[in-house]
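Everything below concerns the one structure shown next.
For clarity, every value in this text was computed on a predicted model and none was experimentally measured. Just follow the structure's listing: the first ligand is 1, and inside any ligand the first atom is 1.
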Amino acid sequence: MKIKAVVCDWAGTTIDYGSRAPIIGFQQAFAKFGVTLDPALIRQDLGLDKRAHVQKMLEDAAIWQPISQQLASTSQQFVTDTVYKEFQETINQALVETAILKPGVSTLLAYLTEKHIAVATTSGYTQAMIEKLLPTVASQGYHPRVNITSELTGGIGRPHSAMLDLAIKRLGLTDSSGVIKVGDTINDIKEGVAAGAISVGVVEGSNLIGMSETEFTALPQSEQTQLKVAARAQFYASGANYVVTTIADVIPLIEQLEQQAARSNAPLLLTPGPLTTSESVKAVMMVDHGTWDDEYKKMTQHIRRQLLELASAEASDFSAVLLQGSGTYGVEATLETIPKDSSATLLIAINGAYGQRMSEIADRIGVKHLDLIFDETEPVDLDKVSDFVTVHPEITHFAVVHGETTTGILNPIETLIPAMVDRNIVTIVDAMSTFGGIPINVNQLNVDYLISSSNKCVQGVPGFSFVIANVHQLTQTAGNARSLSLDLYDQWRCFEDHDGKWRFTSPTHVVYAFEQALLELKQEGGVAKRYQRYSENEARLRQRMVAAGFTPILTPTVQSPVITSFKYPSESFRFRDFYLYLKERGFIIYPGKVSKMNSFRIGNIGEIYPTDIDRLVDLIQAYVSEPVQS
Ligand SMILES: *Cc1c(COP(=O)(O)O)cnc(C)c1O
């Protein structure tokens, strides 16, 4: 669930540690009529509408008697009104004195502002009292957007939901879903529950503990703990959904609620890619960004530099060119750099659908090409490629897929590319599904074009591809492209000549998310660590699937950790049924792409961990032992 608003109580919750003001106010007001009130008695009903609270205390004969005598009246209404009027005087003074933000409030407010989560208040105070408080807290940086008292709800205060309902309405929300109510009294909790909001109690500085910060911190640690434990229990007993220690702890609570919801609503994508991204990568996209400003261009340049670093590509020889569109756009733009006359011939080594796709692109755009086709379950063979090139001296360009996502097979670019470079052949590698997840050293390979996209192993969302290009090679390709939007040379020049400016509108949200994804790749420990995690996922998947009776299509020696293909377990196996069964239980897998046999695929990349693989295979085991028809 997306959290949309936080509605806070005032004294004891956001200001006035220990909720001292009402106590002082009541004590002083009742003292005027000769009655000394026990703070504990006052605290019992704090959070109530203040007139109702006065009335309630007057129900106690020991309090009623002396006051009614002094006022020479037995009219309940008159006595209540008189005492309440006195209280309004005394509280005003106490209010301003105690209107200091509690520890953690500023931190929470900064977080809510950044996340565009609205803040409102409901109160047992009167409208006049709130108006006194607002400028005092505004000077401390607190500006709640909506402030409700029972005067606005026809006198209906807590524990009813009327004030909270109205606050929600005035915030422009249709209902209480995604609304957190934070308070420090039992009546606060009940109000939140009654409105159907997420009702949260704050322990420290609350009315339930009822002490000033100095009093509380002077207590021995064990006593502090005891009081906190008791307050927690009381909150929960009155129906609180959550209890937090300080109000700043509402921040991790929001994060937790949003992540839980995102995870439980959205199945994990085991379909590289798009693949499962982290919550933090997705969260970056919740803000609209412009493209023209310097910050954005700087970020684009930062991304381009980081891609070179990830590829171990020397900045003097290589440049990263980003291009709007999916990975295929990057492949097509790269093939567009090849001259479309008899001066160039492209050799494509094919052992799957993505190699086949390059052949199709070459056909469409008029690049002369020769295809060398291998079995889909066999890696591209260096000797066969070398022999072929020897027989065809007209070959000027060579293209191969690194990780063929058709099966999950890994082609040996470490030997293939240098061998072609030795023959002065321009080399192109589709490293779409491997870059960022399997170490690749562009400098060592000396490959001319290495292509990948935002939504594979870097773990960003779909929206652009990128090409790590040898600048000495790319420089020679001006004017080769017949396409305007897929002109890699022009795209590159625009980034170079205008400090990171994208040619044409760029997928801003995707680019911001990608910057975050790069940061998270670094935090994980870089490509080597990510490779290790993917490998663990793959090993676990393979081992457990074999134990469950499935046969992988590839032998482990040629298998990449990216995606694993399995044969159908039996003649009667129905993929669609299997797919829906898993989807309903939180996992999306891939149909097979191998042409000569029935298969399905499971991806190991993305924000996926061995424990996810375990949950998946548990489900698969349950399915095969007792097929459920969805
Ligand atoms: C994902 C992928 C592509 C690009 O496919 P799009 O659908 O355009 O993103 C190309 N090659 C390989 C090996 C891939 O895995």
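- Under the 6.0 Å cut-off for aromatic ring centres, Phe600 and Tyr590 do not qualify, their centroids lying 6.0 Å or more apart.
- Among all non-hydrogen protein atoms, the one lying nearest atom 9 (O) of ligand 1 is Gly327 N, 3.3 Å.
- Atom 7 (O) of ligand 1 has its nearest heavy-atom neighbour, among Arg357, Lys456, His402, in Arg357.
- Each of the atoms 13 (C) of ligand 1 lies under 4.0 Å from some heavy atom of Val401.
- Taking distance alone, with nitrogen or oxygen atoms compared against 3.5 Å, Tyr329 stays at or beyond that limit from ligand 1.
- Side-chain atoms of Asn598 do not come within 3.5 Å of backbone N or O of Tyr568 as any donor-acceptor pair.
- Taking the six-membered ring for Trp and the full ring otherwise, the centers of Phe464 and Tyr329 sit at least 6.0 Å from each other.
- At a 3.5 angstrom cut-off on N or O pairs, Gly403 does not count as close to ligand 1.
- Against a heavy-atom cut-off of under 4.0 Å, Ser433 is close to the following atoms of ligand 1: 15 (O).
- Side-chain atoms of Arg601 do not come within 3.5 Å of backbone N or O of Gly592 as any donor-acceptor pair.
- By the 3.5 Å distance cut-off applied to N or O atoms, Ser326 is counted among the residues near ligand 1.
- Taking the six-membered ring where the residue is Trp, Tyr579 and Phe575 present tilted rings, their angle falling between 30° and 60°.
- The Thr405 neighbourhood of ligand 1 comprises atoms 12 (C), 13 (C), 14 (C), 15 (O), with distances under 4.0 Å to a heavy atom of that residue.
- The closest approach between any non-hydrogen atom of Pro272 and ligand 1 is not below 4.0 Å.
- Scanning the protein for heavy atoms near atom 3 (C) of ligand 1, the closest one is Met432 CG, 3.4 Å.
- The aromatic rings of Tyr296 and Trp502 sit parallel, their planes meeting at an angle under 30°, below the 60° perpendicular limit.
- Where the criterion is an N or O separation shorter than 3.5 Å, residue side chain and backbone included, Thr328 meets it with respect to ligand 1.
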Side chain to side chain contact (heavy atoms under 4.5 Å, CB included) between Leu370 and Glu394, worked out | CA-CA 10 Å; Leu370 295 166; Glu394 74 272 27; 3.8 Å; yes

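- With ring centers used as reference points, Tyr449 lies 6.0 Å or more from Phe318.
- In terms of protein heavy-atom proximity, atom 11 (N) of ligand 1 is closest to Asp430 OD2, 2.6 Å.
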